Protein chains: 2
Amino acid sequence: MTTSVAPTRRVLIRQRTRAEILDAAWEQCRRGGLASLNLRALGAAVGMKAPSLYTHFSSKMEIYDAMFAQGYTAALAALPLYAGERTKPAVEQGIRDSVTRFIAFCLADPVRYQLLFQRTIPGFVPSEASMRLAYENLDRGRQLLVLLGLHAPEALDLATSVITGLVDQQISNDPGGDRWVRLIDDMLDMYLTFAIRRWCAPARRS
Amino acid sequence: MTTSVAPTRRVLIRQRTRAEILDAAWEQCRRGGLASLNLRALGAAVGMKAPSLYTHFSSKMEIYDAMFAQGYTAALAALPLYAGERTKPAVEQGIRDSVTRFIAFCLADPVRYQLLFQRTIPGFVPSEASMRLAYENLDRGRQLLVLLGLHAPEALDLATSVITGLVDQQISNDPGGDRWVRLIDDMLDMYLTFAIRRWCAPARRS
DNA sequence: GTCTATATTTGGATAGAC
DNA sequence: GTCTATCCAAATATAGAC
């Protein structure tokens, strides 16, 4: 316990080196795809040899895990909790903004999207700490829907489904373009109209 | 030209061997993931050594390509052209059936889905012949929507987006379960209601 | 904390005998 | 057409010197 009291200069340097390595790792993945992460090249990019990386990360998978945690932390930052009025039109607009921002966040870095939201790295299993960030993220989406009166778990599942569907198609079939991005407003109209009618039970009917 | 007149016994045997290899390749991928395809193990599975595979396929990527073509051929078979009545309710039911069948086809073999509909194998680029099968598949979806009066390209893009979104979420977050499969009918209600209102211009407006 | 050297594994592909 | 023998090229990870 006493060890963490004084944030030594040495510790700060280590943290900076770690951050540099992760930056280089992102850069390398963006260029060659998520699976292309390579310790020799990564070492070279930060001016060291591959074995030296093991001073900072105990394995390649731990690097992926740190990237995973960074990505979800960024996602949470991109989706602040809604703090506007609680009137229905305001909340609905808040949701529209959040979803639009979330999709922009995803498309801004397809490799990050792949790491965070698809299961594509063979041996990679996120640590518990990282998974907590992921759950927190999903929960933020849930809270948004609750503000609209959408408490049903199905409402959230359908929402994640239409959002990731749109992002996936955009990335897979029109990378860098806007063929699906253009459909965001239609998608939101479609989803909100349906979800509110289906799960918001205006009076007491099922 | 004259060479293809007589389908020799030798040729038939070659075709059977090819088919055996591909079956084993699917099996191997289903077990270890799409990227796990390995020529030594594949050879062993069909009772030969790795180099012998090169008699039948000129490279590993050519095996993926053959699997890709097989997969899309199966997809086309799973989605026969609609041949029922042309009344609107009948056509709409036909679409619902087709989509439901298509989703079942996708979920029946997640590895196949990954190969056909996601970009996940590093160096793999489908051949032109294989791509034609992929386009033919998409076109079948387009034809279905046209029967409903949905000619807008956006209607097709939104449809592929909601369908793949549902499949992706099911595979990624509840493999083998039905958490998203249960939402198929809701998803169809949502999409069809919206798409018809949005793009079917009942009178001459917009 | 970083290096050199190396172990270890893996896996695609080719040459040439049979 | 299939084999054995090999080549070649990654790439992760460890040992031990400095």
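Proteins get letters first, then strands, A, B, ... in listed order; numbering begins at 1 in each. Computed from a prediction, not measured in an experiment: that's the story for all the values here.
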### Partners passing side-chain hydrogen bond (donor to acceptor under 3.5 Å, both in side chains) against B/S52 (at least two apart in sequence or in another chain)
none
### Query
Taking CD from B/Q28 and C1' from C/dG12, how many angstroms apart are they, rounded to a whole number?
14 Å
### Query
Under 4.0 Å: is that the gap between some side-chain N or O of B/R10 and OP1 or OP2 of D/dG1?
no
### Message
Going by the rule side-chain hydrogen bond (donor to acceptor under 3.5 Å, both in side chains), which residues pair with A/W26 if we only count those two or more places apart in sequence or in a different chain?
### Response
A/Q70
### Message
Using a 4.0 Å heavy-atom cut-off to protein, can you give one letter per nucleotide of nucleotides 4-18 of chain D, 5' to 3': B if the base is in contact, S if only the sugar-phosphate is, - if neither?
### Response
BB-----BBBB----
Atom pairs and distances, donor-acceptor, side-chain atoms in residues 100-107 of chain A, under 3.5 Å, two or more places apart:
{"residue": "A/T100", "atom": "OG1", "partner": "A/R96", "partner atom": "O", "Å": "2.7"}
{"residue": "A/R101", "atom": "NH1", "partner": "A/A78", "partner atom": "O", "Å": "3.3"}

### Query
Taking 4.0 angstrom as the limit, do B/E27 and B/R31 come out as a salt bridge?
yes
### Task
Tell me what B/G123 touches on the nucleic acid: a base, only sugar-phosphate, or nothing, going by heavy atoms under 4.0 Å.
nothing
### Message
Run the salt bridge (Lys or Arg N to Asp or Glu O under 4.0 Å) test against A/D109 and tell me which residues pass, sequence neighbours left out.
### Response
A/R30
### Interatomic distance, B/H56 NE2 vs D/dG1 P [rounded to whole Å]
6 Å
### Task
Name all residues meeting the salt bridge (Lys or Arg N to Asp or Glu O under 4.0 Å) criterion together with A/D174; count only those two or more places apart in sequence or in a different chain, and write none if there are none.
none
### Task
May I ask you to list the residues of residues 19-27 of chain A, by number, that have any heavy atom positioned under 4.0 Å from an atom of DNA chain C?
none
### Query
With sequence neighbours excluded, what pairs up with A/D186 under the salt bridge (Lys or Arg N to Asp or Glu O under 4.0 Å) test?
B/R198
### Query
side-chain hydrogen bond (donor to acceptor under 3.5 Å, both in side chains): which pairs involve residues 175-185 of chain B, sequence neighbours left out?
A/D157-B/R179
